[in-house]
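The structure appears below as structure tokens.
Below, all heavy atoms of this structure are taken into account, side chains as well, without hydrogens, waters or symmetry copies.
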Amino acid sequence: MPRVARPAHSRSSRSSTSPDMPRRWRRVPAGLSFATDGPLMLDARVLRQETDDVVARLARRGFAFDRERFDALESERKSLQVQTETLQAERNTESKKIGKAKAAGEDIQPLIAAVGELGERLDGAKARLNEIADELDAFLAGIPNLPDDDVPVGESEDDNVEMHAVGDIPSFAFEARDHVDLGAGLAGMDFEAAAKLTGARFVTMSGPVARLHRALAQFMLDLHTREHGYTEVQVPFIVHADSLFGTGQLPKFAEDLFKLEGDAPWYLIPTAEVPVTNLVRDRILERDELPLKMVAHTPCFRSEAGSAGRDTRGLIRQHQFEKVELVQIVPAGESERALEELTGHAETVLDALGLPYRRLALCTGDMGFSAAKTYDLEVWLPGQGRYREISSCSNTRDFQARRMQARTRSAEGKPEPVHTLNGSGLAVGRTLVAVLENYQCENGDVIVPEVLRPYMGGIVRIEAQV
RNA sequence: GGAGAGGUGGCCGAGUGGUCGAAGGCGCACGCCUGGAAAGCGUGUAGGCGGGAAACCGUCUCCAGGGUUCGAAUCCCUGUCUCUCCGCCA
């Protein structure tokens with residue numbers, strides 16, 4: 001991207017930019033351009049040349065694209081950019097003349113005067129271009145990804161489409177307890193203790209329950225690395241705002257994140273998707289490096305702002321939880337296949353644990369900001385008598401890749417964005433909930449699923465204590 | 001945390017404020033040569049953006065941001081990262 005020295009008088013507008021904005025974005029400058037390195041999600045050319053289509057597709061997911069504003073900003077940007085570059089070209093050639101004249105021992109004073117005037121005009125043009133570029137950047141950064149054509153159109157989760165359901169919903173000869181009661185009975189889960197330590201939406205676990213939680217994560221990691229070809233990665237749980245911008249959590253969803261104090265724009269990760277996917281930021285990957293398949297087990301931190309009153313009981317919705325995350329980086333054109341594969345990998349975990357679940361295709365209105373297509377996996381929870389989300393698998397196509405400049409080469413050798421996918425495989429805490437509730441006995445004991453027993457020292461049953 | 005040294009193209013590595021997007025080397029690609037290969041020789045080999053049907057042209061990028069200047073890879077300031085030494089620490 002062009003890096004033009006930002007004229008001093010434009011600093012005020014730039015410095016008013018939110019400190020939460022990624023450094024890369026603030027840096028943009030200047031912008032002689034806003035695409036690719038700017039906060040762009042959609043292909044700039046596609047947006048410009050096929051605006052009607054883009055607007056229509058965004059409307060399907062309930063996003064109102066301000067066509068008039070875009071057209072106005074874009075046309076102004078274009079004329080200013082041409083004007084600025086023309087002036088720069090002039091200045092460059094004139095300045096070179098000075099160099100030559102000086103070398104030839106000629107008088108360069110008249111030349112310097114002429115170029116000086118040019119420079120002032122150039123500064124003015126740059127300043128106006130920067131302002132427009134800033135506006136355009138902010139405008140474009142808030143536009144979500146385009147939904148795939150086969151994504152069901154809808155407004156809310158009520159419009160999601162069930163693809164299939166696997167496993168029989170268990171029927172108990174007694175009244176099923178929920179995981180909170182079970183956890184208490186096993187003396188392994190204490191919400192009050194966590195509330196004392198920190199506050200609401202935290203939990204402490206102990207004994208066999210804590211071990212079961214660990215066993216689940218180990219099992220998932222082993223399954224994905226041994227059977228599904230993923231490479232285990234260990235990543236920071238604190239990331240720079242730039243990374244959050246790359247995957248699309250910023251600038252729009254800062255209120256969902258925990259931000260650290262201090263000068264650095266650092267945040268606790270809301271999902272391993274952020275650090276893992278950003279591993280390929282600013283890289284041009286060789287074709288034979290792809291696909292990249294990575295799995296990471298990390299804690300996740302979410303402020304759950306705006307979730308007051310929702311799922312207040314139990315560990316369904318916590319500020320901190322653990323997750324085993326799958327990420328794939330693939331060449332364009334392979335991501336549709338990869339989404340099916342990755343979702344299948346997540347389902348394998350549920351199959352192995354013998355938990356009943358179903359797969360939903362999220363509708364346009366329920367998908368996340370960065371997703372082009374998303375499958376949610378929902379597990380059956382006897383304690384609630386309903387399915388609950390336990391995994392979300394998304395294809396973001398080139399949306400994240402463009403924001404983070406992650407590329408590979410086309411057959412012609414030209415750089416082109418990769419496609420990125422991510423999905424939970426699975427959310428460990430919620431899987432624990434599902435295991436406890438689905439494997440409960442009438443007396444409050446919980447049977448350990450067979451595949452987990454090697455991770456539990458052979459324990460078959462966790463016995464109720466109280 | 002303290003002190004010092006440094007961040008240049010895929011890699012290594014030059015670069016007196018002007019003709020430097022940047023010598024040279026390595027790697028890579030293509031070609032010549034060869035029965036084939038190696039060696040040798042030749043040519044090419046960053047990215048973004050804008051304009052253009054294209055050829056191509058323009059512009060920007062030598063860690064980042066700011067400054068000085070007609071002109072900055074080169075000078076100044078700040079930040080950041082890496083390395084070495086000291087301190088601290090799991």
B:rA3 pairs with, by Watson-Crick or G-U criteria that keep both distances under 3.5 Å: B:rU84
Ignoring hydrogens and angles, are the base of B:rG58 and the side chain of A:Glu85 linked by a donor-acceptor pair under 3.5 Å? yes
So, are A:Glu90 and A:Arg121 salt-bridged, with charged N and O less than 4.0 Å apart? no
Please compare A:Thr93 and A:Ile112 by the position of their nearest nucleotide in RNA chain B and report the one closer to 5'. A:Thr93
Write down the distance separating the C1' atoms in B:rG7 and B:rC62, rounded off to the nearest Å. 10 Å
Hey, which sits more toward the 5' end of RNA chain B by its nearest nucleotide, A:Thr86 or A:Val82? A:Val82
Is A:Glu336 salt-bridged to A:Arg397, going by a charged N under 4.0 Å from an acidic O? yes
Can you find a side chain N or O atom of A:Asn92 that sits less than 4.0 Å from OP1 or OP2 on B:rU19? no
Of the listed nucleotides (B:rU59, B:rG51, B:rG71), which one gets closest to any side-chain atom of A:Arg91? B:rG71
Below 4.0 angstrom from OP1 or OP2 of B:rC49, is there any side-chain N or O of A:Arg77? no
Could you check which of B:rG47, B:rG58, B:rG18 has an atom nearest any side-chain atom of A:Ser95? B:rG18
Over 12 foreign heavy atoms within 6.0 Å of CD, A:Glu68: no
In the structure shown, which nucleotide is the Watson-Crick or G-U wobble counterpart of B:rC33, with both distances under 3.5 Å? none
Please determine, for B:rG58, whether a Watson-Crick or G-U wobble partner exists with both distances under 3.5 Å, and give it or none. B:rC49
In terms of relative ring orientation, are A:His228 and A:Tyr230 parallel, tilted or perpendicular, with 30° and 60° separating the classes? perpendicular
NA contact type, A:Arg409, heavy-atom cut-off 4.0 Å: base, sugar-phosphate, or nothing? sugar-phosphate
Which of these nucleotides, B:rC70, B:rG50, B:rG47, is closest to any side-chain atom of A:Arg48? B:rG50
Using the P atom in both, what is the distance from B:rA5 to B:rG10, to the nearest Å? 29 Å
Between B:rG18 and B:rU74 - P atom distance, rounded Å: 12 Å
B:rG4 and B:rA90: how far apart are their P atoms, nearest whole angstrom? 28 Å
Backbone N or O of A:Pro331 within a donor-acceptor pair of the A:Thr408 side chain at under 3.5 Å? no
Which of B:rG50, B:rG47, B:rC70 is nearest the side chain of A:Pro415? It is B:rG47
Can you tell me the Watson-Crick or wobble partner of B:rG71, both distances under 3.5 angstrom? none
Report, as yes or no, whether the 6.0 Å neighbourhood of atom NZ on A:Lys252 holds more than 12 heavy atoms from other residues, nucleotides or ligands. yes
Taking the side chain of A:Ile284 as heavy atoms from C-beta outward, which of B:rG58, B:rG47, B:rC70 is closest to it? B:rG47
Of B:rG47, B:rG50, B:rG18, the nucleotide closest to the side chain of A:Lys78 is B:rG50
Inter-nucleotide C1' distance (B:rG15, B:rC75), Å rounded: 15 Å
Could you tell me how far B:rU19 sits from B:rG71 if I compare only their C1' atoms? Round to whole Å. 12 Å
C1'-based separation of B:rA73 from B:rC63 [nearest Å]: 12 Å
Span that lies between the C1' atom of B:rA38 and that of B:rC33, in whole angstrom: 12 Å
